[in-house]
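Only heavy atoms go into these numbers, but all of them, side chains included; no hydrogens, no water, no symmetry mates.
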Amino acid sequence: MSLSFRNEIDITVLLSGATIADVAIKPRNRPPLTRLFAGKPAASLLPVLPRLFSLCSIAHHVAFQSAVEAAQGREAAPATVRRRVTAVVVERLTELLRGLFVGRLALDGTNAPAVRAVMQASALLGGADEAVPPALHRDAAVQIKAALGAMGIAGEEDETLAPGSPLAASVAGCHGKLVSEPEADPSFLTVADDLDIVTRLLADGAAYSDAPDLCGRIPETGVWARRARREAVSAAEAGSAARLKARIAEVARLCAWLDRGDADLDEGVVASYRLGAGKGAAAVECARGRLHHAVALDDEDRVVNFEFLAPTEWNFHARGPLVRSLKGATLATGRQGQDAVRALVGSFDPCVGFSLQFREAGHA
């Protein structure tokens, strides 16, 4: 059985002169989980998940495990929940940091050792099922904080970027501003949406997860949505530079949480829901946004139904937040306009690869 699936999105920007007339999105392939795993013991899927989900694999592991426990009517111990939240936070930090440097900033003599130090220290904190001694946790948090400081991230707010650092220069030089932008009303996914989503997910399967909506609404999820939950943001602020700063600020905020170790981070970083006998679901706030898993098990804990909905399906929906942010915009001439679009597309997701083409509307 092959578990290889295409994980890149194809985006075509259709132009009418300098104006974006439309945006066509060809989604990535999604694994048919129920067909692959129906009849198999739920516990047997845990070793397979990293092969299925190379992006945010710990978040997928935690979501599946939490959904299965909910289906079984079990509740994880507080210490287990804490380990899972920590593992999700560590993965979110490293994925966001990796996204800053892949295709954006050069891993020069300063950045490369610092990024390696973050990855190595993060590995010390273990996975979702491993208890980490407090002293080792503290040492890892100190190493991560020092490495981020070497990159210019000195505190929890984006204003604390060290002047002259590569990240500060990237923010200052982020020419992601379109000449004119459409008036798109912001809409954001929240914890309050979880039950509606997982109920539809279990009932409708791929028909829902391939093109999800909430009563016709297609909200954004991810770093910018998390920022909007903490402070007011407007559509006019949501350019690529602001999104880049929000990503950097979240990296610093996650590091500070690991360093403090006892404060709450956000509502619903890991949440689980029992949907009836043998049915459960979970939501996890990962780097890309809110991830949902839903499962149905038989009396012997074998899989009857297994569905998932990744953040990508919201942000890159054919009528979703990326399309709303681009459609109707006016581009600068030449390469500058195309670079602005590329920067905005990349700011919606720190993990998923994409191809971007520009074409005159009406031309094949």
Side-chain angles (χ1 to χ4, degrees), residues 7 53-60 62 85-107 111-112 114-123 125 140-141 143-161 165-168 170-171 174 176 188-189 220-230 233 238 240-259 265-266 269-270 284-291 310-312 314-316 343-354:
N7 213 9
F53 303 114
S54 58
L55 302 179
C56 303
S57 60
I58 289 177
H60 278 283
V62 169
V85 169
T86 299
V88 168
V89 166
V90 170
E91 181 179 65
R92 194 201 297 181
L93 187 155
T94 56
E95 292 292 341
L96 290 174
L97 187 63
R98 185 181 290 113
L100 290 174
F101 289 92
V102 174
R104 180 177 292 276
L105 299 176
L107 285 172
N111 293 326
V115 171
R116 281 198 299 271
V118 171
M119 302 305 173
Q120 290 167 0
S122 299
L125 294 175
Q143 291 177 44
I144 292 171
K145 187 174 182 179
L148 294 181
M151 285 182 270
I153 303 175
E156 286 192 61
E157 302 298 331
D158 52 34
E159 290 81 5
T160 59
L161 280 174
S165 67
L167 287 174
S170 180
V171 170
C174 188
F188 302 110
L189 202 64
E220 179 174 352
T221 186
V223 171
W224 192 248
R226 289 192 286 267
R227 181 163 190 148
R229 291 205 293 268
R230 297 192 301 273
V233 298
S240 54
R243 290 169 177 275
L244 174 60
K245 290 197 288 185
R247 192 182 298 181
I248 294 168
E250 180 161 316
V251 168
R253 187 166 178 264
L254 296 174
C255 176
W257 184 85
L258 289 172
D259 192 29
L265 180 62
D266 293 311
V269 175
V270 177
V284 173
E285 195 69 41
C286 64
R288 294 179 288 152
R290 202 143 184 86
L291 166 72
T312 306
W314 295 105
N315 291 338
F316 292 89
L344 187 61
V345 173
S347 71
F348 270 83
D349 195 311
C351 306
V352 172
F354 64 89

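A59 approaches V88 most closely through the heavy-atom pair CA-CG2, 4.4 Å. The nearest pair of heavy atoms linking W224 to A242 is CZ3-O, 3.7 Å. Contact record, A121 with A140: O-CB, 3.5 Å, taken as the closest heavy-atom pair.
No side-chain heavy atom of R243 sits less than 4.5 Å from a side-chain heavy atom of R227. When side chains are defined from C-beta on, P311 counts as touching L291, because their heavy atoms get closer than 4.5 Å. Side-chain atoms of S347 and L244, non-hydrogen and from C-beta on, never get closer than 4.5 Å to each other. The shortest distance between side-chain heavy atoms of L254 and L96 falls below 4.5 Å. Side-chain contact check for I58 versus V284: every heavy-atom pair is 4.5 Å or farther apart. The shortest side-chain heavy-atom distance between S122 and I144 falls under the 4.5 Å cut-off. Contact of the T86 side chain with the V89 side chain is not registered, since no non-hydrogen atoms from C-beta on lie closer than 4.5 Å.
In terms of modelled atom types and a separation under 3.5 Å, the side chain of D266 and the main chain of V269 share no donor-acceptor contact. The closest donor-acceptor contact from the side chain of R229 to the backbone of L189 lies under 3.5 Å.
The side chain to side chain donor-acceptor pair (under 3.5 Å) search around R290 returns D194, E285, not counting sequence neighbours. Remark: N315 pairs with no residue by the side chain to side chain donor-acceptor pair (under 3.5 Å) rule, at least two apart or across chains. For Q120, the side chain to side chain contact (heavy atoms under 4.5 Å, CB included) partners are R116, not counting sequence neighbours. Among residues two or more places apart in sequence or in another chain, the side chain to side chain donor-acceptor pair (under 3.5 Å) test is passed with E91 by none. In terms of the side chain to side chain contact (heavy atoms under 4.5 Å, CB included) criterion, residue partners of A117 (sequence neighbours excluded) are, by chain and number, A147. Residues forming a side chain to side chain donor-acceptor pair (under 3.5 Å) with T221 (at least two apart in sequence, or on another chain): none.
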Report the C-alpha distance between E95 and R288 in whole Å, list the side-chain angles of each, state the deciding distance to 0.1 Å, and finish with yes or no for salt bridge (charged side-chain N to carboxylate O under 4.0 Å, His left out). CA-CA 9 Å; E95 292 292 341; R288 294 179 288 152; over 6 Å; no

Apply side chain to side chain contact (heavy atoms under 4.5 Å, CB included) to R226 and R253, showing your working. CA-CA 12 Å; R226 289 192 286 267; R253 187 166 178 264; over 6 Å; no

Please evaluate residues V115 and V118 with respect to the criterion side chain to side chain contact (heavy atoms under 4.5 Å, CB included), reporting the C-alpha separation (whole Å), side-chain torsions for both, the decisive distance (0.1 Å), and the verdict. CA-CA 5 Å; V115 171; V118 171; 5.7 Å; no

Carefully, step by step, assess L97 and L148 under the rule side chain to side chain contact (heavy atoms under 4.5 Å, CB included). CA-CA 9 Å; L97 187 63; L148 294 181; 4.2 Å; yes

Test log, rule side chain to side chain contact (heavy atoms under 4.5 Å, CB included), inputs F354 and T312: CA-CA 11 Å; F354 64 89; T312 306; over 6 Å; no

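Note on ring orientation: taking the six-membered ring where Trp is involved, the planes of F316 and F348 are perpendicular (angle over 60°, cut-offs 30° and 60°).
Taking CZ of R92 as the reference point, atom CH2 of W257 lies at 9.5 Å (rounded to 0.5 Å).
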